[in-house]
Amino acid sequence: MDMQAILQQAQQMQQQLMAAQQELDEAKVEGTSGGGLVTVTVSGRGQVEDIRIDPKAVDPDDAADTAQTIADLVLAAIRDAERLVDEIQQQKMGPLSQGLGGGMPGLPGF
C-alpha cells in the first residue's frame, strides 16, 4: 500500500469535488409548467432564483381561481426544476461518489 499514491488520489478527488461544486454553483436550470405560463429558475444547488408568470395565466374575472391556478403552476414548475437539478447533481457528483465506494455521506442525493 503506497501512502503517497493514496494521498495523491485523495487530493485529486478533492480538486474534482471542488470543481464539480463550482459548476453546480454556476449552473442554472429552468422548470416550466402550463405550457410555459410559469417558468422557475433554480441554481445547481437547488435554490430558487427567479419565478416568471406569463400575464396570460391571469384571468381578471376570476381572481380566486386564478390565484390557485398560479400557485399550482408555480409548484409544478419548481418540481420540474428540482428534477433537473437532481439530474445535474448526479451528472456532476455521481462519478465522484463512485470513487468513494458508492456514497458521499452528507451530500443530498447520494
Side-chain angles (χ1 to χ4, degrees):
M1 188 147 121
D2 183 4
M3 190 59 110
Q4 184 65 25
I6 292 172
L7 289 174
Q8 280 183 321
Q9 185 179 13
Q11 185 178 30
Q12 183 180 24
M13 288 187 71
Q14 181 180 16
Q15 290 171 345
Q16 290 172 339
L17 177 62
M18 289 173 55
Q21 288 173 333
Q22 180 68 30
E23 289 178 34
L24 288 175
D25 287 340
E26 295 170 0
K28 304 279 187 257
V29 298
E30 286 190 348
T32 62
S33 65
L37 290 176
V38 173
T39 302
V40 175
T41 303
V42 178
S43 74
R45 298 277 188 147
Q47 191 166 7
V48 175
E49 295 187 349
D50 187 38
I51 299 174
R52 291 181 307 278
I53 301 171
D54 188 310
K56 294 178 205 166
V58 178
D59 179 0
D61 296 328
D62 192 354
D65 191 42
T66 295
Q68 185 58 53
T69 298
I70 291 173
D72 293 342
L73 290 171
V74 168
L75 184 58
I78 289 172
R79 288 181 177 152
D80 185 45
E82 287 174 338
R83 179 187 56 77
L84 295 170
V85 166
D86 286 344
E87 289 176 13
I88 288 174
Q89 288 177 347
Q90 286 293 329
Q91 179 185 15
K92 301 291 181 195
M93 304 297 274
L96 294 173
S97 71
Q98 299 300 322
L100 295 175
M104 296 179 74
L107 289 178
F110 299 101

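These values consider heavy atoms only, across backbone and side chains, with no hydrogens, waters or symmetry-generated copies.
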For a salt bridge (charged side-chain N to carboxylate O under 4.0 Å, His left out) check, start with the C-alpha distance between D86 and R83, then their side-chain angles and the critical distance, and finish with the verdict. CA-CA 5 Å; D86 286 344; R83 179 187 56 77; over 6 Å; no

For residues [X] and [Y], determine if any side-chain heavy atom of one lies less than 4.5 Å from a side-chain heavy atom of the other.
X	Y	answer
V74	I51	yes
L24	Q89	yes
I70	V58	yes
L17	M13	no
D80	V40	no
L84	E87	yes
E23	Q91	no

Going by atom types only, do Q21 and D25 share a side-chain donor-acceptor pair under 3.5 Å?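 No, because no side-chain N or O of Q21 sits under 3.5 Å from a partner of the opposite role on D25.
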
Out of curiosity, E49 CD to T41 OG1, how far, rounded to the nearest 0.5 Å?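 So the gap between those two atoms works out to 7.5 Å.
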
Rounding to 0.5 Å, atoms CG (L75) and CZ (R79) come to a distance of 4.0 Å

Crowded around Q47 CD? As in, over 12 foreign heavy atoms under 6.0 Å?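 It does not: Q47 CD has 12 such atoms or fewer within range.
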
For the pair T69 and L73, evaluate side chain to side chain contact (heavy atoms under 4.5 Å, CB included) and give the outcome as yes or no after the intermediate values. CA-CA 6 Å; T69 298; L73 290 171; 4.0 Å; yes

Verdict with supporting geometry, E26 and Q22, side-chain hydrogen bond (donor to acceptor under 3.5 Å, both in side chains): CA-CA 6 Å; E26 295 170 0; Q22 180 68 30; 2.6 Å; yes

Could you tell me whether the side chain of T66 and the main chain of D59 form a donor-acceptor pair under 3.5 Å? yes

side-chain contact (heavy atoms from CB on, under 4.5 Å) with L37: which of I53, D54, T32?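 Testing each of I53, D54, T32 against L37, the sole residue satisfying side-chain contact (heavy atoms from CB on, under 4.5 Å) is D54.
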
